[in-house]
Amino acid sequence: MFEHIPAYPGDPILSLNEDFQLDPRPNKVNLSIGIYFDDAGKLPVMDAVRRAESALLDAIGPRSYLPMSGLPLYRETAQALVFGANSEARAAGRIATLQTIGGSGALKVGADFLRRYFPASQIWISDPSWENHRVVFEGAGLTVNTYPYYDEETGGLRFADMIDMIGRLPERSIVLLHACCHNPTGVDLSTAQWAELVPVLQRRRLIAFVDMAYQGFGAGLEEDAACVRMLADADIPLITANSFSKNFSLYGERCGALSVVCKDAGEASRVLGQLMSTVRANYSNPPTHGARLVANVLSDTSLRASWEAELATMRERILAMRGMIHAGLAGRVDEVMRARYVAQRGMFTYTGLNESQVERLRNEHAVYVLRSGRMCVAGLNARNADYVASSIAAVVSGA
């Protein structure tokens with residue numbers, strides 16, 4: 001009955017990570033998968049999360065199903081983190097927020113919602129974008145297009161081309177934007193560029209869909225959400241997906257949220273109801289444990305202060321690793337290639353390595369980056385940064 005079904009080719013990131021696990025070489029370095037590791041090369045358990053989990057274990061109780069929309073305190077605290085405690089849209093009840101199964105689940109629920117209520121709309125994603133963006137939106141039945149974004153020659157942003165294309169899109173088109181720490185390039189819009197983009201979205205009557213998977217890993221929690229708040233204040237039809245996988249180091253708990261900013265509270269209520277209908281058709285309701293951890297940390301003054309301090313340390317360590325590899329490449333590669341390690345930000349950098357260089361890096365030096373040349377800077381540490389820099393220099397020079 002199933003003999004006609006082809007083999008799944010595998011996800012390029014997860015498949016590469018599996019290859020890394022099987023590599024017996026002791027000097028191997030995994031810079032492929034988007035996970036934050038500490039300087040010991042370990043996945044950290046944040047102290048605030050540990051304390052919140054200990055408290056939950058001391059008060060074990062019944063675990064009934066959550067509502068389709070999720071844990072109320074989680075939804076409230078997630079919304080405040082994304083839009084700001086003093087958001088006018090929040091105060092007016094204009095934001096529909098629900099708990100999702102990770103940021104990917106938020107994208108999926110948002111994609112299904114848009115396909116149902118905007119069937120004629122197509123979506124535009126950056127060139128390049130996270131590989132799964134296309135998979136999720138095409139899987140929902142949306143036509144996926146791209147807008148200019150990354151400049152291969154400079155390692156920067158093609159902003160003029162980007163703004164020109166977005167300014168010519170049909171009304172009600174959906175534009176997927178990265179709030180901060182663009183995946184995969186690490187190239188972000190400046191505050192001034194966001195301010196220039198806002199009136200274009202308004203004039204063309206476009207729907208902004210913002211993916212914010214790395215809040216706190218760019219410039220800071222408030223700074224990284226500034227573009228979302230700018231869009232909300234501009235009354236642009238706005239959908240935002242956010243994730244707590246990275247900034248809480250809760251990858252396996254799949255904690256995310258989806259928010260839709262509406263015209264008024266009545267509209268938000270109707271939208272929330274239809275989002276819940278979409279959830280019911282997918283997975284009925286979200287899980288409890290991770291949501292309780294996040295909600296308890298964000299709502300407790302002491303735990304939140306501890307979490308914010310540790311997140312700042314993680315952000316600063318990434319910056320330090322960028323500085324180390326930038327210094328290690330001095331005089332060994334051209335300055336345009338070298339500069340991107342400090343010009344780009346967040347967990348990822350587009351190294352400028354081509355496919356053959358990436359292959360040599362993996363085969364000859366046991367350093368794993370994606371075929372596109374994307375490196376997860378968070379996989380570097382004080383012990384391997386110089387080795388990685390030397391390995392990159394070797395494949396670039398052809399040595």
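Start at 1 with the first residue, then count along the sequence. Below, all heavy atoms of this structure are taken into account, side chains as well, without hydrogens, waters or symmetry copies.
Side-chain atoms of I166 and W124, non-hydrogen and from C-beta on, never get closer than 4.5 Å to each other. Using a 4.5 Å cut-off on side-chain heavy atoms (C-beta onward), S121 and L114 make no contact. Taking the side chain as every heavy atom from C-beta outward, R158 and M165 never approach each other to under 4.5 Å. Side-chain atoms of V358 and M375, non-hydrogen and from C-beta on, never get closer than 4.5 Å to each other. Residues S245 and R254 have side chains in contact (heavy-atom distance under 4.5 Å, counting atoms from C-beta outward). When side chains are defined from C-beta on, L56 counts as touching N296, because their heavy atoms get closer than 4.5 Å. Using a 4.5 Å heavy-atom cutoff, the side chains of H133 and D211 are in contact. Contact check for I207 versus F118: side-chain heavy atoms found under the 4.5 Å cut-off.
The cationic atom of R374 (NZ for Lys, CZ for Arg) does not lie both less than 6.0 Å from the six-membered ring centre of Y350 and within 45° of the ring axis.
Remark: the H178 side chain and the S129 side chain contain an N/O donor-acceptor pair separated by less than 3.5 Å. Side-chain contact, D23 with Y368: a donor N or O sits under 3.5 Å from an acceptor N or O. Side chains of R340 and T154: no donor on one and acceptor on the other come within 3.5 Å. Under 3.5 Å, the side chains of Q215 and D224 contain no donor-acceptor pair of N or O atoms. There is no side-chain donor-acceptor pair under 3.5 Å between Y150 and D127. No side-chain donor-acceptor contact under 3.5 Å links S397 and R332. Side-chain atoms of S302 and R51 include a donor-acceptor pair closer than 3.5 Å.
Between the CG atom in N285 and the CG atom in L98 there is a gap of 11.5 Å [rounded to 0.5 Å]. Considering CG of L157 and CD of Q193, their distance stands at 5.5 Å, rounded to 0.5 Å. A distance of 9.5 Å separates CZ in F209 from CG in L238, rounded to the nearest 0.5 Å. Distance CD/Q122 to CG/L142: 9.0 Å, rounded to 0.5 Å. A distance of 9.5 Å separates CG in N384 from OG in S391, rounded to the nearest 0.5 Å. Between the NE2 atom of H365 and the CG atom of N27 there is a distance of 10.0 Å, given to the nearest 0.5 Å.
Residues A295 and T77 share a closest heavy-atom pair of CA-OG1, 3.9 Å. Smallest separation of non-hydrogen atoms from A140 and A111: CB-CB, 3.6 Å. Annotation for V369 and L16: closest pair O-CD2, 3.3 Å, computed over non-hydrogen atoms. Of all heavy-atom pairs between A257 and T100, the closest is N-OG1, 3.1 Å. F217 and M347 get closest at one heavy-atom pair: CD2-CG, 4.1 Å. Minimum interatomic distance between Q344 and T185 (heavy atoms only, all atoms of both residues): OE1-O, 2.8 Å.
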Test log, rule side chain to side chain contact (heavy atoms under 4.5 Å, CB included), inputs W194 and L177:
CA-CA 10 Å; W194 277 110; L177 301 160; 3.9 Å; yes
Passes side chain to side chain contact (heavy atoms under 4.5 Å, CB included), I239 versus V210? Steps please.
CA-CA 6 Å; I239 303 174; V210 179; over 6 Å; no
Chi angles and distances behind the side chain to side chain contact (heavy atoms under 4.5 Å, CB included) call for L329, I392:
CA-CA 8 Å; L329 289 172; I392 290 173; 4.1 Å; yes
Yes or no on salt bridge (Lys or Arg N to Asp or Glu O under 4.0 Å) for E76 and R90, after CA distance, side-chain angles and deciding distance?
CA-CA 10 Å; E76 170 66 22; R90 271 175 44 77; 3.0 Å; yes
Please assess C180 against E223 for the test side chain to side chain contact (heavy atoms under 4.5 Å, CB included), listing each intermediate value before the final yes or no.
CA-CA 9 Å; C180 61; E223 296 89 341; over 6 Å; no
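Taking the six-membered ring wherever Trp is involved, the centroid distance between the rings of Y149 and F159 does not fall below 6.0 Å.
A salt bridge is defined here as a Lys NZ or Arg NE, NH1 or NH2 lying under 4.0 Å from an Asp or Glu carboxylate O, and D334 with R338 fails to meet this definition. The pair R360-E355 does not meet the salt-bridge criterion, since no charged nitrogen lies less than 4.0 angstrom from a carboxylate oxygen. Residues R94 and E267 are not paired through a salt bridge, judged by the lack of any N-O separation under 4.0 Å between the basic side chain and the carboxylate. Looking at E359 and R371, no side-chain N of the basic residue comes within less than 4.0 Å of a carboxylate O on the acidic one, giving no salt bridge. The pair R116-D112 does not meet the salt-bridge criterion, since no charged nitrogen lies less than 4.0 angstrom from a carboxylate oxygen.
More than 12 non-hydrogen atoms from other residues, nucleotides or ligands lie less than 6.0 angstrom from CD of E171. Counting heavy atoms of neighbouring residues, nucleotides and ligands inside a 6.0 Å radius, atom CG of N363 exceeds 12 of them. Atom CZ of R304 has more than 12 heavy atoms from other residues, nucleotides or ligands within 6.0 Å. No more than 12 heavy atoms of other residues, nucleotides or ligands shown are found within 6.0 angstrom of CZ on R63. Under a cut-off of 6.0 angstrom, the local environment of CZ in R383 is crowded, with over 12 non-hydrogen atoms contributed by other residues, nucleotides or ligands.
No donor-acceptor pair closer than 3.5 Å links the side chain of S269 to the backbone N or O of G266. Formation of a donor-acceptor pair under 3.5 Å by the R75 side chain with backbone atoms of T97 is found in this model. For the pair T313 (side chain) and A309 (backbone), a donor-acceptor distance under 3.5 Å is present.
Sorted by first and then second residue, the pairs that involve residues 281-335 and meet ring pair (Phe, Tyr, Trp, His ring centres under 6.0 Å), not counting sequence neighbours, are F248-W307. Listed by first and then second residue, the ring pair (Phe, Tyr, Trp, His ring centres under 6.0 Å) pairs involving residues 65-112 are Y74-F244 (not counting sequence neighbours).
With sequence neighbours excluded, no residue satisfies ring pair (Phe, Tyr, Trp, His ring centres under 6.0 Å) with Y251.
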Using atom types as modelled, flag every donor-acceptor pair under 3.5 Å from a side chain in residues 33-44 to any protein atom, sequence neighbours excluded.
{"residue": "Y36", "atom": "OH", "partner": "R317", "partner atom": "NE", "Å": "2.9"}
{"residue": "D38", "atom": "OD1", "partner": "A40", "partner atom": "N", "Å": "2.9"}
{"residue": "D38", "atom": "OD1", "partner": "G41", "partner atom": "N", "Å": "3.1"}
{"residue": "D38", "atom": "OD1", "partner": "K42", "partner atom": "N", "Å": "2.9"}
{"residue": "D39", "atom": "OD1", "partner": "R317", "partner atom": "NH1", "Å": "3.4"}
{"residue": "D39", "atom": "OD1", "partner": "A382", "partner atom": "N", "Å": "3.1"}

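The residue from Y214, Y341, W130 that alone fulfils the ring-ring contact (aromatic ring centres under 6.0 Å, His included) condition with F348 is Y214.
Hydrophobic cluster membership for V135: none, as no Ile, Leu, Val, Met, Phe, Trp or Tyr side chain comes under 4.5 Å of it. The other members of the hydrophobic cluster of F2, by chain and number, are M1, I5 (side-chain heavy atoms under 4.5 Å, ILVMFWY only).
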